[in-house]
Amino acid sequence: VQLQASGGGEAQPGGSLRLSCEDSSKNLDYHAVGWFRQAPGKEREWVSCIRSSDSSTYYADSVRGRFTASRDNDNHVAYLHMNSLTPEDTGVYYCALDTSRWYSDFCGTSQRDFSAWGQGTLVTVSS
């Protein structure tokens, strides 16, 4: 599994960004995709997960209603659409795969649920 997260950058409060998570090994289709973020000086936290069985999505309370996870299995890409951004959304965003489960209904919320990680992409929200 070779994950690459991209799409980060600068945004103003209230703005939007779309993050992408590509898997060059094309295994993304079979596994849950988790999104995490790490703000400066803080621990990495779970943001969202999209299931591999039916693409059901789950969100942290802090982003629910503003962020939307999706996946395009035909192109082996997962997305995190981020709207109504606030400065508290600033951080490095990571995507990860739960490679221990295939076509599963499980969607993890802990880093230990995911075994393959991308390198992270920086999101900065400021005016």
Side-chain angles (χ1 to χ4, degrees):
V1 174
Q2 296 179 333
L3 296 179
Q4 174 140 5
S6 62
E10 295 185 0
Q12 292 188 338
S16 300
L17 287 172
R18 186 185 75 168
L19 305 184
S20 299
C21 178
E22 298 185 64
D23 176 18
S24 59
S25 67
K26 302 181 180 180
N27 284 304
L28 181 145
D29 314 1
Y30 313 119
H31 306 294
V33 179
W35 289 93
F36 292 77
R37 67 185 180 187
Q38 187 165 16
K42 295 187 176 181
E43 294 186 353
R44 192 174 300 184
E45 65 175 355
W46 175 77
V47 173
S48 177
C49 181
I50 181 167
R51 286 198 316 202
S52 54
S53 59
D54 61 0
S55 296
S56 293
T57 53
Y58 303 87
Y59 302 96
D61 289 344
S62 58
V63 306
R64 187 176 295 113
R66 301 187 298 119
F67 290 12
T68 303
S70 63
R71 62 195 304 155
D72 177 357
N73 287 344
D74 289 342
N75 291 296
H76 321 294
V77 181
Y79 299 102
L80 185 67
H81 305 257
M82 307 186 297
N83 298 318
S84 302
L85 287 164
T86 73
E88 288 69 37
D89 295 316
T90 294
V92 178
Y93 283 70
Y94 300 88
C95 62
L97 294 192
D98 176 3
T99 58
S100 67
R101 299 175 179 88
W102 295 65
Y103 293 119
S104 173
D105 288 339
F106 180 80
C107 222
T109 60
S110 170
Q111 294 183 61
R112 62 179 175 268
D113 294 325
F114 299 88
S115 51
W117 291 79
Q119 85 288 2
T121 185
L122 177 63
V123 172
T124 303
V125 184
S126 69
S127 54

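Values reported hereafter were calculated over all heavy atoms of this structure, with side chains retained and with hydrogens, waters and symmetry mates removed. Please read all numbers here as calculations on a predicted model, not as lab measurements.
Atoms SG and CG, from Cys107 and Asp113 in turn, are 9.0 Å apart once rounded to the nearest 0.5 Å. Considering CD of Glu45 and OG of Ser62, their distance stands at 5.5 Å, rounded to 0.5 Å. Distance SG/Cys21 to OH/Tyr93: 14.5 Å, rounded to 0.5 Å. Atoms NZ and CG, from Lys26 and Asp74 in turn, are 11.5 Å apart once rounded to the nearest 0.5 Å.
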> Going through the distances and angles, do Ser70 and His81 end up as a side chain to side chain donor-acceptor pair (under 3.5 Å)?
Replying inline: CA-CA 8 Å; Ser70 63; His81 305 257; 3.2 Å; yes
>> As a quick check of understanding, evaluate side-chain contact (heavy atoms from CB on, under 4.5 Å) for Val77 and Leu28, giving each step before the final call.
In response: CA-CA 7 Å; Val77 181; Leu28 181 145; 5.9 Å; no
>> Under the criterion side-chain contact (heavy atoms from CB on, under 4.5 Å), I'd like the reasoning laid out for Arg18 against Leu80: C-alpha separation, chi angles, the key distance, then a yes or no.
In response: CA-CA 6 Å; Arg18 186 185 75 168; Leu80 185 67; over 6 Å; no
>> Is there a side-chain contact (heavy atoms from CB on, under 4.5 Å) between Arg44 and Gln111? Walk through the geometry before answering.
In response: CA-CA 8 Å; Arg44 192 174 300 184; Gln111 294 183 61; 3.5 Å; yes
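Shortest non-hydrogen contact noted between Ile50 and Arg71 is O-NH1, 3.4 Å. When all heavy atoms are compared, the tightest approach of Thr109 to Phe36 is O-CE2, 4.2 Å. Taking each heavy atom of Asp54 and Arg51 in turn, the nearest pair found is OD2-NH2, 2.6 Å. For the residue pair Trp102 and Thr99, the shortest heavy atom distance occurs at NE1-O, 3.6 Å. In this structure, Gly8 and Val123 approach most closely via the heavy-atom pair CA-CG2, 4.1 Å. The minimum heavy-atom distance between Val92 and Gly120, with the atom names listed, is CG1-CA, 3.8 Å.
Leu3 is connected to Leu19 through a chain of hydrophobic side-chain contacts under 4.5 Å among Ile, Leu, Val, Met, Phe, Trp and Tyr, so both are in one cluster. Trp46 and Leu97 are members of different hydrophobic clusters when ILVMFWY side chains are connected at heavy-atom separations under 4.5 Å. The hydrophobic clustering, which links ILVMFWY residues whose side-chain heavy atoms are closer than 4.5 Å, places Tyr79 and Tyr94 apart.
With contacts defined as side-chain heavy-atom distances shorter than 4.5 Å, the pair Pro13/Thr86 does not qualify. You'll find the side chain of Ser52 reaches within 4.5 Å of the side chain of Ser104, heavy atoms only.
With hydrogens and angles disregarded, a donor-acceptor distance shorter than 3.5 Å links the side chain of Ser48 to the backbone of Tyr58. Not a single donor-acceptor pair under 3.5 Å links the side chain of His76 to the backbone N or O of Ser24. A donor-acceptor pair under 3.5 Å links the side-chain atoms of Tyr59 to the main chain of Ala69, judged by distance alone. Judged by distance alone, the side chain of Ser115 and the main-chain N or O of Asp98 form no donor-acceptor pair under 3.5 Å. One N or O on the side chain of Gln119 and one on the backbone of Ala5 form a donor-acceptor pair closer than 3.5 Å.
The side-chain contact (heavy atoms from CB on, under 4.5 Å) test with Asp29 singles out one residue from Asp23, Asn75, Asn73, and that residue is Asn73. With respect to Arg37, the side chain to side chain donor-acceptor pair (under 3.5 Å) criterion is satisfied by exactly one of Thr90, Asp89, Thr121: Asp89.
In summary, the aromatic rings of Tyr30 and Tyr103 are positioned with their centroids under 6.0 Å apart.
Between the side chains of Ser25 and Gln2, no donor-acceptor pair of N or O atoms lies under 3.5 Å.
Atom CD of Glu10 has 12 or fewer neighbouring heavy atoms from other residues, nucleotides or ligands inside a 6.0 Å radius.
Aromatic ring orientation, Phe114 versus Trp117: perpendicular (interplanar angle above 60°, classes split at 30° and 60°).
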